Amino acid sequence: MHPSRHRYDVLVVGGGIIGLVTAWRAAQRGLRTAVADPAPGGGAAHVAAGMLAAVTELQYGEQTLLDLNLASARRYPSFAAELEDATGLGLGYRPCGTLAVALDADDRAGLRELHTFQMSLGLESEWLSGRECRRLEPMLAPGVRGGLRVDGDHQVDPRRLAAALLRAAELAGVTFHRDSVARVETVRDRATGAVLDDGTVIGAEQLVLAAGSRSGCLPGIPDHALPPVRPVKGQILRLRVPPGYAPFLSRTVRAVVRGGHVYLVPRENGELVVGATSEELGWDTAITAGGVYELLRDAHELVPGLTELPLVETLAGLRPGSPDNAPLLGRSALPGLLLATGHHRNGVLLTPVTGDIMAEVLTTGSVPESARPFSPARFSLQEQPA
Ligand code: GLY
């Protein structure tokens, strides 16, 4: 065995919001916990808009994921209050609702279908005429043909969420190793720790791989235990509504424009986030003229007045995509290694329940009922009966 300069009950690989919430919850349960990450509090959350859009981002065939998304959305108010109490830091949680609108007849037909699907699942979503949409949000384009009012889809500021989780984890006694993990260590087919880029060896009873889009390629993990996670690029813009400007939007507004999704997330501090592209380009994080153009073109069709606003930031990030768009939570095929990754479009939304689930697995060894469908084992090759 390697000599360990450090030894913990739990080592979390990755200090994004999923790694941080896991570490915080583990430490609260009395586990000696460390996080390895060169820049904890960064990751995909630094780019994300922070929509908590369980109902408006519903996709056909993802009803199982919907249950987890809804459970996490319900958990948000108490989670945000607990985190704010623990740290004194606000999260920018806004129960503001969402309006999904259609700009032409095709979009309207698609939105009608989505509404029927939502109704069949008992979700709260109200169909509005174009006039009713504009009464709610006067900055919308006059051509809006109708929309869905979803009062239960809210927002949080992911950067503030990450900062609060980092602080909460520190206050709970989590140790931070501000370096990258070079490789996971195994002894007799069991994960026993990790070696950092600077050569530091860290031993741990249990490792949690929460490295976002990089989770699928961490050295030292045997192929059969590596999660099938890939990077999915998203470009996003931040505009600023100047102080004193009339309220621009009061809730999240989104639309499908020519088949692409565009959303506008207005924060109380005047920030207006416009997102997002979804591109299968591997590790590329270039901000492209085409990406920025498409976002501004579609957002301008939705809310023409936004071209007057200062453009303050353009960013690209990598969502951790999984084959079924749902996270991998729980034990991996390598004993000692747990996974909390593959959250794809729902990392911010799923942060509260991910923390609860991972704390349960780490302390009791058993996976809560709600998390069973998200076991990493669903992607293992099964022997088919003859
Ligand atoms: N959930 C929004 C996005 O991934 O773009």
Side-chain angles (χ1 to χ4, degrees), residues 16-18 42-62 65-66 68-73 76 91-94 96-101 114 148 150 152-159 161-162 212-213 215 229-239 249 251-267 271-281 284-285 287-288 291-292 294-296 298-299 302 313-327 341-354:
I17 51 174
I18 296 299
H46 187 70
V47 181
M51 287 181 302
L52 307 175
V55 176
T56 42
E57 286 212 338
L58 174 66
Q59 302 284 326
Y60 296 96
E62 292 185 2
L65 177 58
L66 171 70
L68 193 69
N69 285 345
L70 288 172
S72 209
Y76 242 100
L91 307 188
Y93 174 67
R94 274 189 79 193
C96 59
T98 295
L99 184 64
V101 303
L114 177 63
L148 294 176
V150 178
D153 276 2
H154 303 315
Q155 62 152 302
V156 70
D157 185 333
R159 293 178 182 178
L161 169 66
S213 54
S215 303
V229 172
R230 67 182 196 287
V232 181
K233 178 180 173 182
Q235 299 188 55
I236 207 158
L237 316 174
R238 281 177 167 75
L239 312 181
L249 294 173
R251 73 202 69 222
T252 297
V253 170
R254 54 184 304 144
V256 179
V257 184
R258 287 176 289 272
H261 289 267
V262 64
Y263 47 78
L264 283 74
V265 183
R267 303 228 196 279
E271 186 174 88
L272 181 67
V273 185
V274 179
T277 65
S278 185
E279 304 166 73
E280 298 280 355
L281 290 174
D284 172 49
T285 51
I287 296 148
T288 61
V292 174
E294 276 172 33
L295 289 172
L296 285 177
D298 295 350
L302 199 57
E313 196 175 17
T314 56
L315 268 180
L318 298 171
R319 305 175 183 89
S322 77
D324 59 4
N325 300 330
T341 189
H343 291 69
H344 197 208
R345 299 178 72 92
N346 295 304
V348 177
L349 172 58
L350 289 174
T351 294
V353 289
T354 299

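What's counted below: heavy atoms across the whole structure, side chains too, no hydrogens, waters or symmetry copies. Because the structure is a prediction, the values reported are computed rather than measured. We count ligands from 1, going down the list as the structure has it; atoms in each ligand are counted the same way.
A donor-acceptor pair under 3.5 Å is absent between the side-chain atoms of Thr285 and the main chain of Ala316, judged by distance alone. Proximity of a side-chain donor or acceptor of Arg159 to a complementary backbone N or O of Ala45 within less than 3.5 Å is not detected. Of the possible donor and acceptor atoms, none in the side chain of Glu62 sits under 3.5 Å from a partner among the backbone N and O of Ala326.
Against a heavy-atom cut-off of under 4.0 Å, Met51 is close to the following atoms of ligand 1: 2 (C). Set against the non-hydrogen atoms of Ala276, the atoms of ligand 1 under 4.0 Å away are 5 (O). Close approach of ligand 1 to Glu57 (heavy-atom distance below 4.0 Å) involves ligand atoms 1 (N), 2 (C).
Looking from atom 5 (O) of ligand 1 to the surrounding protein, the closest heavy atom is Tyr263 OH, 2.5 Å. Of the protein's non-hydrogen atoms, the one nearest atom 1 (N) of ligand 1 is Arg345 O, 2.9 Å. For atom 4 (O) of ligand 1, the nearest protein heavy atom (residue, atom name, distance) is Arg319 NE, 2.7 Å.
Defined by atom type and a distance below 3.5 Å, a donor-acceptor pair is missing between the side-chain atoms of Glu294 and Gln235.
Aromatic ring pairs are classed by plane angle as parallel below 30°, tilted from 30° to 60° and perpendicular above 60°; the pair Tyr76 and Tyr93 is parallel.
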